[in-house]
There are 2 protein chains.
Amino acid sequence: METMKEPGSVNHRIREGLSRIATVMRNEDWNRAKASGLNPTQLSILELLEGRGDGLTVKEIAANLGVSQPTATDSIAALERKELVTKNSDGADRRAVKVVMTPKGRSILAAKTGSSVGAAQDAVGALANAEQEELLVSLVKMIRHLQERDAIPIQRMCVSCRYFTPYAHSDAVRPHHCQFVDAAFGQRDLRIDCREHETADPTLRAATWNLFEKG
Amino acid sequence: METMKEPGSVNHRIREGLSRIATVMRNEDWNRAKASGLNPTQLSILELLEGRGDGLTVKEIAANLGVSQPTATDSIAALERKELVTKNSDGADRRAVKVVMTPKGRSILAAKTGSSVGAAQDAVGALANAEQEELLVSLVKMIRHLQERDAIPIQRMCVSCRYFTPYAHSDAVRPHHCQFVDAAFGQRDLRIDCREHETADPTLRAATWNLFEKG
DNA sequence: AAATATATATAGGACTCCTATTTATGCAAG
DNA sequence: CTTGCATAAATAGGAGTCCTATATATATTT
């Protein structure tokens, strides 16, 4: 469309759109967090720690938050002051620490979860079911692309999980199979952050992806 | 999927996915901004001001950034110190100020724009063309939903523009029409932030949306 | 003219976020 | 086994985001 006045590719416009929605989500995060006496960064550390009994190292937390290591140290310190996390020494490496949630941290998280749908999720709800599914799959593809390029830490998604077998069934609604729970499930149930996730080795990951993408 | 261990709706998972990608984008923004001696907030104010000769009020900037008004004042002050914006008094309302870019601000923005594709846009590029189009349309729908609920300021999108006529042509590739440039264009050219945007009145907006959604 | 509403600015404080550097380990090679 | 490089986290120092509450100046309404 050279006739249009503005430059820019679809990619660029999609980025713009994502960015607008991200702004709304950041706002919602503030409100969600404030209700627990936290700020969004602190809350997302808590969420990150959820269901990871062994905890995470400072470095891992920094990578997941996409901030520098000293910044992660800062925010973890803020959570320590509030007694929502503690640091255990990592048995294997005495330089490292494992940050784990305290019971108090868990209760704060439990109180918050489940409440508050928020405008952004509401906007997703305005899409037709088929569109939601397509959107979810597109996001999975994008995140997977980022993972392969080390632009994002490995996420706990089905497509990188050793328990996942795509298109194991001929059922159009529930074609996939999760060996962990030994059950069939559909595109719209693809996990972005599954507690039971276990990263498959690169060979299996590649094979799984191949199957998944072909559909 | 009650058989799966984790709770959560598609909405929730989509939100998670959006949030992961937002983290990557935030990181890229840091790098883009740093290259200009700015930080992401300052850069996005500059981008917001781009192509708005009259400038924007502090309040409008705060709304667009999704932050409180004093925070906007803070960041604008930081930009003033760097002489990238100035405040003009608004002729109509002497309480208000119009923040406008200085030539120096414009040159910084010009230097930056066009460079740097970034991992997030790259990930969008990994999607098939049809998927990109669907993704863009889904984002437009979501943003429009947020606008209607005042959860986001009016964006300069085609679908809220008085120059936009959806499905004016029978051409499957370029069904839409922009009266500003008097040209046909397609779904993948839908603008998220068009300089020429002029907000249609609510009645026209509703009618336009109706046409657009029916497809 | 008084009361109310609106647009910014100010004050005060917690915290994010960075880079550069230090400290304590870990690991590898001579 | 010790010298030396790599890595995990902490510290130091500093700019700036971001909030709430409040003050100030102007609009607007009654």
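Protein chains get the first letters and strands the later ones, always in sequence-line order, with residue 1 at the start of each. Keep in mind that the numbers below use all heavy atoms, side chains included, and drop hydrogens, waters and symmetry copies.
- Listed by first and then second residue, the salt bridge (Lys or Arg N to Asp or Glu O under 4.0 Å) pairs involving residues 56-75 of chain A amount to none (not counting sequence neighbours).
- The distance from atom CG of B:L38 to atom C1' of D:dG16 is 12 Å, rounded to the nearest whole Å.
- Atom NZ of A:K82 is separated from atom CD of A:Q42 by 3.5 Å, given to the nearest 0.5 angstrom.
- Between the P atom of D:dA8 and the NZ atom of A:K87 lies a distance of 15 Å, rounded to the nearest Å.
- Under the side-chain contact (heavy atoms from CB on, under 4.5 Å) criterion, B:E133 pairs with B:Q187, B:R188, sequence neighbours left out.
- Residues from residues 74-83 of chain B with heavy atoms under 4.0 angstrom of DNA chain D, sorted by number: B:D74, B:S75, B:R81, B:K82.
- Rounded to a whole Å, the CG atom of A:L56 is 15 Å from the C1' atom of D:dA8.
- Of all the residues in residues 60-72 of chain B, B:Q69, B:P70 reach under 4.0 Å from DNA chain C with at least one non-hydrogen atom.
- Pairs passing the side chain to side chain donor-acceptor pair (under 3.5 Å) check and including a residue from residues 89-105 of chain A, sequence neighbours excluded, read A:D93-A:R95.
- For C:dC17, neither phosphate oxygen OP1 nor OP2 lies less than 4.0 angstrom from any side-chain nitrogen or oxygen of B:K34.
- Of the candidate nucleotides C:dC18, C:dT16, C:dA9, C:dC18 has the atom lying nearest to any side-chain atom of B:W30.
- Separating the CG atom of B:L43 from the P atom of D:dT17 is a distance of 12 Å, rounded to the nearest angstrom.
- When the C1' atom of C:dT8 is taken as reference, atom NZ of B:K98 falls 14 Å away, rounded to whole Å.
- Using a 4.0 Å cutoff on non-hydrogen atoms, the parts of residues 88-96 of chain A near DNA chain D are A:R95, A:A96, ordered by number.
- If you take CG of A:N39 and P of D:dC18, they are 11 Å apart, rounded to a whole angstrom.
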